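Each remark here refers to the structure printed beneath this line.
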Amino acid sequence: MKRVACLYRVSTKKQVDIVKDDIPMQRIACRDFAERQGWTVIIEKEEKGISGYKVSAAKRDAIQELKDSALKGEFDVLLVFMFDRLGRIENETPFILEWFTEHGIEVWSVNEGQQKIETHSDKLMNYIRFWQASGESEKTSISVKTRHQQMTAEGTYTGGPVPFGYKLKDCGRKNKKGRPAYDLVVVPELVPTVQKLFSRVVDEGYDSHQLAEWLNKQGYKTSKDKDFQSNTILRMLRNEIYRGYFVRGGVRSPRMENLQIISDQVF
């Protein structure tokens with residue numbers, strides 16, 4: 001009976017939550033596949049929020065641990081849901097797969113079968129597979145970036161940490177999946193504090209450390225419920241949302257007076 005090591009991966013931190021995390025789905029599919037083959041799953045590795053397109057295998061603990069286990073002869077088959085779970089770097093990932101096969105490990109995908117590296121044609125098809133996967137990742141990245149820039153130019157909130165003085169509110173807008181798309185709105189009771197923070201820089205020469213200490217002493221927290229740090233304050237002082245502008249990827253929205261807290265002169 002062949003011994004199986006499974007690798008499960010989700011690409012971004014946004015996927016790592018109870019609703020979106022598809023690792024349980026990958027695990028179920030891999031276990032079912034192994035059972036149908038008469039194999040036994042003895043090793044399972046998870047990578048959460050790891051981009052196979054951006055992160056080198058040398059920096060991925062799961063890949064290195066699987067290599068160590070392979071050298072010790074602890075498993076016979078490396079099984080993934082799809083081969084792009086191994087990675088999407090076209091000049092690296094094919095050689096990861098080849099490394100395992102050269103060390104006597106069969107490499108299988110639930111959806112694509114076994115990847116063999118026995119002939120020159122096999123190696124060429126292996127390279128083409130990951131070249132295509134890398135290209136798809138790059139196109140997706142460009143598409144998302146372009147969409148966010150377009151939304152910014154339209155004055156639409158595109159996500160990220162909520163700046164101090166604002167909150168997210170369901171104003172009835174929906175995203176492409178029909179789910180609520182929250183908008184940024186001013187928290188009126190925090191406006192005087194934000195204005196005082198900026199004025200202390202302009203009028204009293206406060207630095208970021210002093211401003212962080214001042215906010216913390218008053219019991220204020222960031223949107224992530226943490227104490228203010230110097231770098232948090234610096235990001236605030238440079239964030240043009242306080243002037244009423246969204247800025248992303250070199251794109252600036254029209255001024256949104258409903259979001260402006262600080263005058264252009266003070267900013």
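Below, each value reflects all heavy atoms present in this structure, side chains not excepted, and no hydrogens, waters or symmetry copies. Because the structure is predicted, anything quoted here is derived from the model rather than measured.
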Please name all residues satisfying side chain to side chain donor-acceptor pair (under 3.5 Å) with Q37, sequence neighbours left out, ordered by chain then number.
-> none
Salt bridge (charged side-chain N to carboxylate O under 4.0 Å, His left out) partners of R31, counting only residues at least two apart = E44
Residues in salt bridge (charged side-chain N to carboxylate O under 4.0 Å, His left out) contact with R235, at least two apart in sequence or another chain | none
Quick one: side chain to side chain donor-acceptor pair (under 3.5 Å) partners of K2, sequence neighbours excluded?
-> E106
Under the side chain to side chain donor-acceptor pair (under 3.5 Å) rule, collect the residues that match up with Y166, sequence neighbours excluded.
-> none
Find out whether the Lys NZ or Arg CZ of R3 is both under 6.0 angstrom from the six-membered ring centre of F75 and within 45° of the ring's axis.
-> no
Kindly write out the residues that satisfy side chain to side chain donor-acceptor pair (under 3.5 Å) with Q26, not counting sequence neighbours, or none if the list is empty.
-> D22
Hits for salt bridge (charged side-chain N to carboxylate O under 4.0 Å, His left out) against E74, two or more places apart or cross-chain, chain-then-number order -> none
Keeping to residues at least two apart or across chains, list the side chain to side chain donor-acceptor pair (under 3.5 Å) pairs with something in residues 182-199.
-> R173-D183, T193-Y220
Show me the donor-acceptor pairs within less than 3.5 Å that the side chains of residues 224-234 make with the rest of the protein, sequence neighbours left out.
residue, atom, partner, partner atom, Å
D227, OD1, K221, NZ, 2.5
S230, OG, S208, OG, 2.6
T232, OG1, Q229, N, 3.3

By side chain to side chain contact (heavy atoms under 4.5 Å, CB included), which residues pair with E65, not counting sequence neighbours?
-> K45, D61
For N258, the side chain to side chain contact (heavy atoms under 4.5 Å, CB included) test, sequence neighbours excluded, returns M256
Looking at residues at least two apart in the chain, or sitting in another chain, which of them share a ring pair (Phe, Tyr, Trp, His ring centres under 6.0 Å) with H209?
-> none
